[in-house]
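To start, the structure under review is shown below, and the notes come after it.
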Amino acid sequence: MIRFEQVSKVFPDGTVALRDVDLVFDEKGFIFVVGPSGAGKTTLLNLLIRRYLPTEGSVWYQDRNVGKMPSRYIPGLRREIGMIFQDFKLLPRLTVHENVAFGMEAVGRPHQEVRELVPYILKLVGLEDKMNCYPHQLSSGQAQRVSIARAMVQEPKVLLADEPTGNLDYSTGWEIIQLLQQINQWGTTVIMATHDRDIVNSLRNRVVRIEEGVVVEDNAVGSYN
Ligand code: ADP
């Protein structure tokens with residue numbers, strides 16, 4: 001479903017963020033991408049949504065070469081591959097409902113569909129009673145749930161999570177992981193960058209470990225020690 005073929009990424013200042021990466025991610029997996037800060041995890045995720053172009057090699061999504069696809073296809077790609085972040089990236093002046101509806105309206109989804117789907121998804125992530133709150137009225141865990149809801153209304157095939165528990169305390173982090181596992185069981189591929197050893201070692205998922213831009217380990221049932 002996703003394939004990295006001999007991918008290297010060198011930034012204009014000469015930083016080599018990834019080097020000769022070969023990876024295949026199958027549909028419906030839940031994969032951890034681990035490694036220390038600066039290893040290249042975020043770069044890997046950003047190559048998948050065409051925020052960055054590979055310097056060498058190619059990134060494939062389904063049968064499409066992501067780096068070579070015409071730019072008119074990028075919005076469609078980013079609907080199929082959603083992303084959530086450590087810092088949530090919610091719009092502070094919009095309510096929870098509006099934050100989630102915003103992306104749907106931006107792509108012209110019918111009003112009726114927005115009216116039905118947004119409360120439905122907010123209920124799935126356990127936020128039905130926060131719909132009219134603003135981001136500053138939420139706990140960090142709730143804010144992350146909103147960002148997950150915002151990704152889910154696009155009904156993505158793949159969800160990229162960049163350190164989604166990085167700003168959360170231990171038990172809240174676990175609640176978010178359980179939600180991501182649920183989303184994965186509903187059929188969405190989840191690729192999560194993290195350096196949280198506890199989470200990685202508690203689940204028996206595939207683990208891809210990157211160090212200094214190189215994939216140094218790829219285990220179907222992995223750990224991170
Ligand atoms: P991680 O997500 O594992 O912490 P990143 O992918 O963010 O790592 O970064 C990998 C390397 O690329 C680091 O050395 C980082 O400083 C560098 N890097 C990331 N983004 C840029 C950029 N836009 N310009 C130059 N260097 C960058």
Side-chain angles (χ1 to χ4, degrees), residues 1-25 29-61 65-69 71 74 77-78 81-90 140 143-144 147-148 150-151 156 158-170 172-173 176-177 180 183-184 188-203 205-219 222-225:
M1 175 191 211
I2 291 166
R3 207 163 73 244
F4 284 72
E5 278 179 4
Q6 282 292 296
V7 172
S8 295
K9 176 64 186 173
V10 184
F11 285 106
D13 66 358
T15 305
V16 181
L18 290 176
R19 192 192 304 270
D20 298 333
V21 171
D22 282 309
L23 280 173
V24 175
F25 295 118
F30 189 142
I31 304 107
F32 289 121
V33 177
V34 304
S37 182
K41 306 182 295 295
T42 302
T43 303
L44 186 91
L45 301 185
N46 279 317
L47 284 164
L48 254 175
I49 51 167
R50 216 349 229 276
R51 194 157 283 143
Y52 298 150
L53 289 170
T55 312
E56 283 181 56
S58 37
V59 178
W60 295 84
Y61 173 66
N65 185 331
V66 173
K68 296 247 161 72
M69 74 173 48
S71 50
I74 297 173
L77 174 80
R78 292 180 185 166
I81 307 180
M83 190 152 171
I84 63 169
F85 306 89
Q86 177 171 357
D87 60 357
F88 324 129
K89 300 199 192 297
L90 302 180
S140 303
Q144 190 58 289
S147 90
I148 290 171
R150 186 180 51 187
V158 182
L159 182 63
L160 307 180
D162 194 359
E163 300 274 1
T165 60
N167 278 340
L168 307 178
D169 64 46
Y170 182 81
T172 312
I176 293 299
I177 293 300
L180 292 176
I183 288 167
N184 175 243
T188 303
T189 307
V190 177
I191 304 176
M192 172 170 157
T194 183
H195 52 228
D196 190 326
R197 290 167 200 273
D198 211 61
I199 287 170
V200 173
N201 290 333
S202 299
L203 303 180
N205 293 8
R206 177 175 167 200
V207 176
V208 172
R209 186 158 64 90
I210 303 182
E211 269 178 23
E212 297 183 359
V214 176
V215 175
V216 292
E217 203 178 308
D218 184 356
N219 284 321
S223 60
Y224 182 28
N225 296 304

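For ligands, and for the atoms within them, numbers begin at 1 and follow the listed sequence. Count residues from 1 along the sequence.
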Query raised in the report: Does P36 have a heavy atom less than 4.0 Å from any atom of ligand 1?
Result: yes
Query - Contact check, G35 vs ligand 1, heavy-atom distance below 4.0 Å - result: no
Can you measure from [atom1] ([X]) to [atom2] ([Y]) and round to the nearest 0.5 angstrom?
X	Y	atom1	atom2	result
R51	T42	CZ	OG1	10.5 Å
I84	E163	CD1	CD	11.0 Å
I2	I31	CD1	CD1	7.0 Å
E56	L18	CD	CG	12.0 Å

Query raised in the report: Nearest protein heavy atom to atom 27 (C) of ligand 1, by residue and atom, and its distance?
Result: F11 CD1, 3.2 Å
Report task. Starting from atom 11 (C) of ligand 1, find the nearest protein heavy-atom neighbour and note its residue, name and distance. Result -> G38 O, 3.6 Å
Query - Heavy-atom protein neighbour under 4.0 angstrom from atom 15 (C) of ligand 1 - result: no
Query raised in the report: Got a protein heavy atom sitting under 4.0 Å from atom 18 (N) of ligand 1?
Result: yes
Report summary line: All heavy atoms of P54 vs all of V7, minimum pair found to be CB-CG1, 4.0 Å
Requested in this report: State whether the shortest distance between N or O atoms of A17 and N or O atoms of ligand 1 falls below 3.5 angstrom.
Outcome: no
**Report entry** Nitrogen or oxygen of G40 less than 3.5 angstrom from that of ligand 1
**Finding:** yes
Query raised in the report: Among side-chain atoms of N167 and D87, is any donor-acceptor pair under 3.5 angstrom?
Result: no
Query raised in the report: Heavy atom under 4.0 Å from ligand 1: found in T42's side chain, backbone, both, or neither?
Result: both
Requested in this report: Could you see which bit of D162 sits under 4.0 Å from ligand 1, with heavy atoms only: side chain, backbone, both or neither?
Outcome: neither
Report task. May I ask you to list the atoms of ligand 1 that are less than 4.0 angstrom from any heavy atom of T15? Result -> 12 (O), 14 (O), 17 (C), 26 (N)
Query raised in the report: Can you list the atoms of ligand 1 that are under 4.0 Å from a heavy atom of A39?
Result: 1 (P), 3 (O), 8 (O)
Report summary line: With F30 as partner, the option from I183, L159, V190 fulfilling side chain to side chain contact (heavy atoms under 4.5 Å, CB included) is V190
Report summary line: Between F4 and the options L47, V215, D22, the side chain to side chain contact (heavy atoms under 4.5 Å, CB included) test singles out L47
Query raised in the report: Just wondering, do V207 and E217 contact through their side chains at under 4.5 Å, heavy atoms?
Result: no
Requested in this report: Nearest heavy atom to atom 9 (O) of ligand 1 wins, so pick from L47, T43, L45.
Outcome: T43
